[in-house]
Amino acid sequence: MKTRIGFILLSAVLIIFTLLVCAKYSIGKHAISFEQPYDLMISIATIILLFLPALIFGIFKYTATGIISGIWQLCFAFIFIMGGLILTFISPIILLLFMFYITGIVLIISAITAMTVK
C-alpha cells in the first residue's frame, strides 16, 4: 500500500510541477503564468481535486478500487503523453517536454502499481 500511495503522490507532485514549468515559460497573455497568481492557484487546486479520487481509491486494498484508481491515472497519463506529443512540434522548451514525458511515464507506472493490488 505504501508503494501505491507513494506513486500516486509522486504523480500529483509531478503534475503540479509541470504546471509550474508551464507557468514559467508562458507563451502568451491567455496562457497560464506567474503574472496571474489567482488563475495559477485555481489550476493547482483543480488538479488536486481531480487527483483526489485516485488517491482515495488507492488507499483501499480491494481489486475493484485499485482498477478504478489505475484507470483514472491512465486517463491523466494519456493527456500528458498526448500533450507532450503536441508540444514536441510547437514548443522549443526542452524542460517542458521533459516534464510532460516524465509525468506521463510516472503516471503509467503508478497506474500499473495501483492495478496490481495485493
Side-chain angles (χ1 to χ4, degrees):
M1 182 170 112
K2 291 179 184 178
T3 307
R4 279 183 287 152
I5 300 300
F7 270 116
I8 291 172
L9 291 176
L10 177 66
S11 300
V13 168
L14 279 174
I15 289 173
I16 292 171
F17 187 68
T18 303
L19 181 68
L20 293 175
V21 170
C22 286
K24 182 178 180 187
Y25 297 109
S26 179
I27 57 172
K29 66 179 186 174
H30 296 293
I32 193 165
S33 68
F34 286 121
E35 295 170 359
Q36 301 167 338
Y38 181 72
D39 293 339
L40 183 63
M41 293 307 262
I42 286 178
S43 297
I44 291 172
T46 303
I47 287 172
I48 291 172
L49 287 176
L50 284 174
F51 222 77
L52 274 178
L55 182 64
I56 292 170
F57 283 129
I59 292 172
F60 299 107
K61 64 178 181 176
Y62 302 111
T63 305
T65 57
I67 291 173
I68 292 171
S69 176
I71 291 172
W72 191 261
Q73 293 174 52
L74 283 176
C75 291
F76 277 104
F78 178 75
I79 291 170
F80 272 86
I81 290 177
M82 293 308 289
L85 288 174
I86 292 170
L87 283 176
T88 301
F89 298 112
I90 63 173
S91 177
I93 303 166
I94 301 299
L95 178 63
L96 185 61
L97 297 173
F98 180 72
M99 285 306 302
F100 264 93
Y101 287 123
I102 291 296
T103 304
I105 290 168
V106 168
L107 278 165
I108 290 172
I109 292 170
S110 178
I112 291 170
T113 305
M115 287 188 199
T116 56
V117 179
K118 289 186 178 184

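For this chain, numbers begin at 1 and follow the sequence in order.
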Going by heavy atoms in the side chains, are Met115 and Thr63 under 4.5 Å from each other?
-> no
Can you tell me how far the CZ atom of Phe7 sits from the OG atom of Ser110, to the nearest 0.5 Å?
-> 7.0 Å
Quick one: are Ile56 and Thr65 in side-chain contact, heavy atoms under 4.5 Å?
-> no
Shortest non-hydrogen contact from Phe51 to Ile15?
-> CE1-CD1, 3.6 Å
Closest non-hydrogen atoms of Gly58 and Ile8, given as atom of the first, atom of the second and distance, are CA-CD1, 4.0 Å
Below 4.5 Å, heavy atoms only, C-beta onward: do Leu107 and Leu14 meet side chain to side chain?
-> no
Under a single-linkage definition using a 4.5 Å side-chain heavy-atom cutoff for Ile, Leu, Val, Met, Phe, Trp and Tyr, are Val13 and Ile105 assigned to the same hydrophobic cluster?
-> no
Less than 4.5 Å apart, any side-chain heavy atom of Ile59 and any of Ile5?
-> yes
Quick one: do Val106 and Val21 end up in the same hydrophobic cluster if we chain Ile, Leu, Val, Met, Phe, Trp and Tyr together by side-chain heavy atoms under 4.5 Å apart?
-> yes
For Gly84, does its backbone N or O pair with a side-chain atom of Thr88 as donor and acceptor, under 3.5 Å?
-> yes
Any chance you could measure Leu19, atom CG, to Met99, atom CE, to the nearest 0.5 Å?
-> 10.5 Å
Side-chain heavy atoms of Phe17 within contact of Cys22, under 4.5 Å | no
Hydrophobic cluster membership, Ile79 vs Met82, 4.5 Å side-chain cutoff | no
CD1-OH distance between Ile94 and Tyr25, expressed to the nearest 0.5 angstrom | 10.5 Å
Under 4.5 Å between any side-chain heavy atoms of Ser11 and Phe76, yes or no?
-> no
Is the centre of the Phe80 ring less than 6.0 Å from the centre of the Tyr101 ring?
-> no
When rounded to the nearest 0.5 angstrom, what is the spacing between CD in Gln73 and OG1 in Thr113?
-> 8.5 Å
Heavy-atom distance under 4.5 Å between the side chains of Leu55 and Leu52, does that happen here?
-> yes
To the nearest 0.5 angstrom, please state how far the CZ atom of Arg4 sits from the CG atom of Leu9.
-> 12.5 Å
Can you check whether Phe100 reaches Ile81 side chain to side chain, under 4.5 Å on heavy atoms?
-> no
Transitive ILVMFWY side-chain link Leu49 to Ile16, under 4.5 Å | yes
Could you go through residues 32-44 and list every donor-acceptor pair under 3.5 Å that involves a side-chain atom there, pairing it with any protein atom two or more places apart or in another chain?
{"unit_1": "Ser33", "atom_1": "OG", "unit_2": "Glu35", "atom_2": "N", "d": "3.4"}
{"unit_1": "Ser43", "atom_1": "OG", "unit_2": "Asp39", "atom_2": "O", "d": "3.0"}

If you measure only the distance, is there a donor-acceptor pair under 3.5 Å linking the side chains of Thr103 and Thr18?
-> yes
Between CG on residue Leu74 and CD1 on residue Ile67, distance to nearest 0.5 Å | 11.5 Å
Same apolar cluster: Ile68 and Ile109, side chain cutoff 4.5 Å | no
